[in-house]
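Quick notes on the structure that follows.
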Amino acid sequence: QVQLVESGGGLVQAGGSLRLSCYASGRTTGTYDMGWFRQAPGPEREFVAATIWSGGNSYSAYYADSAKGRFMISRDKNTVYLQMNSLKPEDTAVYYCAARHHSGSDYFRSDLYDYWGQGTQVTVSS
């Protein structure tokens, strides 16, 4: 099992920045892909960004169109970060960290992740 703990959410004005962190513990060996999803009120969990294992100690970053140019995902061993800049009210959501024991081009599918954090609320006021 892998446990994921997020931190860093909060309330920020439009145009501001927040940095989310997600620490993975437990059976982290072989945890290849880690990503961030978000969920506004409603059933859909939306892909935001992911780090995809590309061999050795290398990872590639991928972003949703809504995040490109504003958000940056990074990874340091068992911690993944999401730096969010130029935040907009429509970024308001609960942000979830996710991890899985395989890697692939289907990184944007929430149903293919094995582990989830508890979520952290991000609220952007206008």
Side-chain angles (χ1 to χ4, degrees):
Q1 289 291 322
V2 174
Q3 293 78 44
L4 302 174
V5 179
E6 302 109 331
S7 60
L11 173 64
V12 64
Q13 288 188 330
S17 298
L18 283 174
R19 188 192 195 205
L20 306 183
S21 300
C22 173
Y23 175 70
S25 62
R27 190 172 71 91
T28 57
T29 300
T31 302
Y32 295 112
D33 295 354
M34 294 186 73
W36 290 94
F37 290 78
R38 67 187 183 186
Q39 189 167 12
E44 296 297 324
R45 193 164 288 188
E46 177 189 19
F47 168 72
V48 177
T51 61
I52 307 304
W53 182 67
S54 52
N57 292 321
S58 298
Y59 296 88
S60 300
Y62 294 89
Y63 300 91
D65 288 343
S66 59
K68 288 178 182 176
R70 300 189 300 125
F71 295 2
M72 185 173 73
I73 190 170
S74 59
R75 182 168 178 173
D76 179 16
K77 295 182 180 179
N78 294 329
T79 302
V80 64
Y81 303 94
L82 185 67
Q83 177 66 44
M84 303 187 294
N85 301 322
S86 302
L87 283 162
K88 305 174 182 179
E90 51 263 44
D91 294 318
T92 295
V94 178
Y95 284 69
Y96 295 91
C97 176
R100 62 184 188 176
H101 285 306
H102 67 279
S103 186
S105 59
D106 51 8
Y107 53 83
F108 54 89
R109 288 183 52 181
S110 61
D111 60 318
L112 297 182
Y113 282 78
D114 304 305
Y115 306 101
W116 292 86
Q118 80 285 357
T120 185
Q121 176 70 47
V122 171
T123 303
V124 184
S125 63
S126 57

| Hey, mind stepping through Y115 and Q1 against side-chain contact (heavy atoms from CB on, under 4.5 Å) and telling me if it holds? | CA-CA 8 Å; Y115 306 101; Q1 289 291 322; 3.5 Å; yes
| request: Would you check if there is a donor-acceptor pair between the side chains of Q121 and T123 at a distance under 3.5 Å? | output: yes
| request: List, by chain and then residue number, the residues other than I52 in its hydrophobic cluster (Ile/Leu/Val/Met/Phe/Trp/Tyr, side-chain heavy atoms under 4.5 Å); write none if there are no others. | output: F37, F47, Y62, V94, Y96, Y107, F108, Y113, W116
| said: M34 vs L4, test: side-chain contact (heavy atoms from CB on, under 4.5 Å). Steps then yes/no. | reply: CA-CA 10 Å; M34 294 186 73; L4 302 174; 4.1 Å; yes
| request: Return the set of residues passing side-chain contact (heavy atoms from CB on, under 4.5 Å) with S74 (not counting sequence neighbours), or none when no residue passes. | output: Y81
| request: Nearest 0.5 Å please: distance from the CG atom of D33 over to the NE2 atom of H102. | output: 6.5 Å
| message | For the OH atom of Y23 and the NZ atom of K77, what is their distance to the nearest 0.5 Å? | response | 10.0 Å
| note | Distance col, row R27:CZ vs Q3:CD, nearest 0.5 angstrom, shows 10.5 Å
| message | Can you pull out every disulfide bond (SG atoms under 2.5 Å apart) where at least one residue sits in residues 69-114? Sequence neighbours excluded, please. | response | C22-C97
| field | Verdict with supporting geometry, E6 and Q118, side-chain contact (heavy atoms from CB on, under 4.5 Å) | value | CA-CA 7 Å; E6 302 109 331; Q118 80 285 357; 2.8 Å; yes
| remark: d(S25 OG, N78 CG) to nearest 0.5 Å is 8.5 Å
| For the student: nearest non-hydrogen atoms of V124 and T92, plus distance | N-OG1, 2.9 Å
| said: Using every non-hydrogen atom in the two residues, find where S110 and R45 come nearest and quote the distance to one decimal. | reply: OG-O, 4.2 Å
| request: Please report the C-alpha distance between L20 and V80 in whole Å, then the side-chain angles of each, then the deciding distance to 0.1 Å, and finally whether the side-chain contact (heavy atoms from CB on, under 4.5 Å) criterion is met. | output: CA-CA 8 Å; L20 306 183; V80 64; over 6 Å; no
| remark: Here the gap from R70 atom CZ to N85 atom CG, rounded to the nearest 0.5 Å, amounts to 9.0 Å
| field | Short N-O contact, D114 and R100, less than 4.0 angstrom | value | no
| task | Heavy atoms only: give me the nearest S126-A14 pair and the separation to one decimal. | result | CA-CB, 4.4 Å
| request: Salt-bridge test for D91 and R38: reply yes if a basic N is under 4.0 Å from a carboxylate O, no otherwise. | output: yes
| task | Supply the atom-to-atom distance W36 CH2 to L82 CG, rounded to the nearest 0.5 angstrom. | result | 6.5 Å
| query | Minimum heavy-atom separation for E46 to S66, with atom names? | reply | OE2-OG, 4.0 Å
| Nearest non-hydrogen partners of F71 and V48, listed with the distance | CD2-CG1, 3.6 Å
| Closest non-hydrogen atom pair between S17 and S86, with its separation | OG-N, 4.4 Å
